[in-house]
Number of protein chains: 2
Amino acid sequence: MNYFSSNFKLGILGGGQLGKMMLYDTRKFDIQTYVLDASDEAPCKIACNTFVKGDLLDYDTVYNFGKQVDLLTFEIENVNVDALEALEKEGLSVYPSSKTLRIIQNKATQKLFYKDHDIPTADFTRFAYLSEIEDTIRNGGLQFPFVWKAAQFGYDGNGVKVVRTFDDLKELPKGECIAETMIPFKNELAVIVARNQKGEVKTYPVVEMEFHPEANQVEYVICPARIDTDVAAKAQEIALKISNAFNHVGLLAVEMFQTESDEILVNEVAPRPHNSGHHTIESSYTSQFEQHLRAILNLPLGKTDSKVGGIMVNLVGAEGYSGDVIYKNIEAIMQMDGVTPHIYGKKQTRPFRKMGHVTIVNEDINTARQIAEQVKNTVKVISK
Amino acid sequence: MNYFSSNFKLGILGGGQLGKMMLYDTRKFDIQTYVLDASDEAPCKIACNTFVKGDLLDYDTVYNFGKQVDLLTFEIENVNVDALEALEKEGLSVYPSSKTLRIIQNKATQKLFYKDHDIPTADFTRFAYLSEIEDTIRNGGLQFPFVWKAAQFGYDGNGVKVVRTFDDLKELPKGECIAETMIPFKNELAVIVARNQKGEVKTYPVVEMEFHPEANQVEYVICPARIDTDVAAKAQEIALKISNAFNHVGLLAVEMFQTESDEILVNEVAPRPHNSGHHTIESSYTSQFEQHLRAILNLPLGKTDSKVGGIMVNLVGAEGYSGDVIYKNIEAIMQMDGVTPHIYGKKQTRPFRKMGHVTIVNEDINTARQIAEQVKNTVKVISK
């Protein structure tokens with residue numbers, strides 16, 4: 001298949017910001033793009049060749065969309081997997097595969113997959129209903145505190161809660177879930193792995209998520225992570241092992257904990273471009289979006305080394321502001337050394353809504369870190 | 001004016017590949033984009049918010065298009081300048097200005113501007129008609145050989161010819177032209193200058209155009225140029241002087257000759273992103289396209305240093321092939337270290353048609369140069 005001739009049709013499930021950033025790189029390869037999303041306001045609408053409005057969780061919608069394209073990928077996990085499986089059976093290339101996606105969509109299945117493949121992860125128990133957790137605690141089968149996670153449809157910290165008392169259970173959704181041992185960790189790390197059909201595999205450098213000391217919110221994604229090289233090597237090795245275990249095709253973002261004793265435990269994975277790889281647009285030889293395309297199209301993978309150090313700061317809506325968005329002091333941060341804002345184009349802000357991100361690049365990662373803090377302290381997402 | 005809020009409308013005259021690459025960066029800033037172009041197949045059509053089909057040289061078309069937007073720029077020089085001037089008088093921001101564009105559009109006027117501003121350039125004589133050249137030679141006022149240049153509408157080597165005999169004059173267009181002294185030069189160099197309304201100015205590193213030893217065609221654009229630092233400094237100084245002389249707002253690409261005696265002579269300028277700056281997408285802290293936007297929007301200019309060395313190779317149609325394009329061995333070049341193809345999406349190739357470009361980046365410019373040669377020897381733009 002000659003991808004570089006305007007006739008190859010790539011379908012993307014999901015029309016969000018990740019898809020939009022991926023679409024820019026499809027242009028370099030001159031690929032025709034089809035996007036399916038339920039919203040008329042989907043960011044991808046402006047950047048694809050053909051936009052189809054429809055429900056990503058509806059079997060027929062996804063199936064019919066898939067019949068229009070030569071290869072199907074996704075930028076969001078919450079899509080109808082049965083339709084993907086049917087399309088695969090009829091010969092369509094779906095990357096990452098429906099099998100992988102089915103395992104990842106359910107956190108309990110995902111954790112069991114790690115256990116089966118000897119991949120280190122925190123101990124856990126699966127429960128079909130929330131009520132079973134309470135029974136198990138009363139029977140002495142589970143102790144406070146633990147981490148509750150919804151098995152399905154959690155995102156951005158939704159669907160995760162530290163449970164310390166019976167009271168903490170009260171507000172939680174009633175469905176399938178897991179209870180995970182609380183792990184005291186030093187660092188939250190992530191590694192993005194790219195793998196193509198031929199089985200060529202490359203890992204990006206390990207990144208570090210630096211948390212706000214009080215708010216317990218990720219403030220900075222830092223590449224490379226400021227950790228020992230042997231810890232970094234271990235993290236990359238584990239990420240590779242997962243990618244191979246899935247026979248993965250595409251990007252796989254692996255989130256991990258570095259424990260107090262320098263063990264690496266896998267937290268969860270995402271089979272697509274990921275927030276922890278946005279800095280690669282500016283800092284890496286190959287952006288994660290170009291790499292995802294290279295991987296799913298079975299093209300040679302690009303170099304994953306960094307040209308310079310990179311830090312990503314999320315731009316989220318400030319507390320106390322809702323309505324038509326204003327990016328206060330954005331010109332001030334653009335004056336800083338190596339700073340590029342990425343505004344996602346959402347018209348309305350609300351507290352903690354993800355409105356964009358800012359990348360800071362510098363040859364010296366410590367200088368980048370200082371500038372990132374200035375950026376964080378300067379720009380503010382407010383409303384009119 | 002808050003550019004970052006979806007409501008700001010940028011108009012671009014010309015819907016070609018330069019415009020398309022500029023449009024990607026408008027997304028980061030969340031700007032609404034309007035593009036005017038005569039062709040339904042214009043590359044920008046897919047990437048802008050609103051595409052208007054129309055003749056760029058028609059006064060009413062350009063004027064009416066301008067009335068729809070908040071700021072007007074262009075990605076091609078051949079547009080109706082009278083309309084731009086009228087729009088400016090009515091208060092529209094047009095960057096670069098109609099005044100600058102009028103001077104640059106005509107090569108005779110451009111050369112006179114250099115003379116007036118004490119900017120070094122090869123000696124020349126202006127002629128209203130080609131026939132005047134012949135008379136002047138016969139009267140002893142001009143000697144062979146010299147360089148003939150059409151005053152208007154030349155591009156990509158069109159409109160330029162070395163004239164050695166009366167016979168060489170026969171096929172040339174009859175209109176306004178200049179005859180320029182032939183300069184024996186060591187290198188062809190270029191510097192891109194960015195300047196915003198506030199007068200903040202930054203220059204990119206000097207690039208070098210390496211020619212094929214026989215074909216006399218640019219093969220590689222190399223950044224940084226492999227020249228003495230004092231020659232580079234002189235080239236940047238002259239480029240800055242021109243930008244200031246124009247009171248320029250936006251990018252100005254300045255093409256220059258380095259003579260045998262290390263003099264710098266200005267050849268010509270382009271008031272927009274330029275082929276000599278394509279490598280900046282991968283190699284610079286700020287791509288030329290983002291920089292043009294920062295400049296015309298009066299935002300702080302981005303850092304113009306290089307992260308790594310960069311080389312650009314044009315992908316042009318091979319001789320002997322016309323028709324539906326195939327990029328032979330493109331996967332082979334994508335396997336090479338730091339290589340990114342940019343395919344422009346033209347469906348038909350023909351000999352020497354510009355079909356795309358390839359960027360090669362590496363920490364070491366000499367290694368990049370070796371890989372660039374492998375790229376050049378491997379990929380071939382042919383037809384089915």
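So you know, we letter chains A, B, ... as the sequences are listed, proteins then strands, and number each from 1.
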* Where Lys303(A) and Gly338(B) come nearest, the two heavy atoms and their spacing ->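 So the minimum-distance heavy-atom pair works out to CD-N, 4.2 Å.
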
* If you take all heavy atoms of Ile343(A) and Asp30(B), which pair is closest and at what distance? -> CG2-CB, 3.7 Å

* Atom pair CG/OG1 of Asp25(B) and Thr340(A) - distance to nearest 0.5 Å ->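 Here the interatomic distance stands at 9.0 Å.
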
* Roughly how far, to the nearest 0.5 Å, is NZ of Lys28(B) from NE2 of His342(A)? -> 5.0 Å

* For Arg353(A), does the CZ atom have more than 12 heavy-atom neighbours from other residues, nucleotides or ligands under 6.0 Å away? ->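 For Arg353(A), atom CZ is crowded (more than 12 foreign heavy atoms under 6.0 Å).
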
What part of [X] lies closer than 4.5 angstrom to a heavy atom of chain A: side chain, backbone, both or neither?
X         : value
Arg294(B) : side chain
Val361(B) : both
Glu363(B) : both

* Structure fact -> Max heavy-atom pairs within cutoff under 4.5 Å with chain A, candidates Gly356(B), Cys48(B), Gly302(B), Ser287(B), goes to Cys48(B)

* By number, which residues in residues 278-285 of chain A have some heavy atom less than 4.5 Å away from chain B? ->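 Listed by number: Glu282(A), Tyr285(A).
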
* What part of Lys45(A) is in contact with chain B, defined as an atom under 4.5 angstrom from a non-hydrogen atom: side chain, backbone, both or neither? -> neither

* **side chain to side chain contact (heavy atoms under 4.5 Å, CB included), paired with Glu331(B), selected from Leu297(A), Asn298(A), Leu299(A)** =>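 Between Glu331(B) and the candidates, side chain to side chain contact (heavy atoms under 4.5 Å, CB included) is satisfied uniquely by Leu299(A).
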
* To do: Considering only heavy atoms and a distance below 4.5 Å, find which of Asp337(A), Asp305(A), Thr33(A) pairs most often with chain B.
  => Asp337(A)

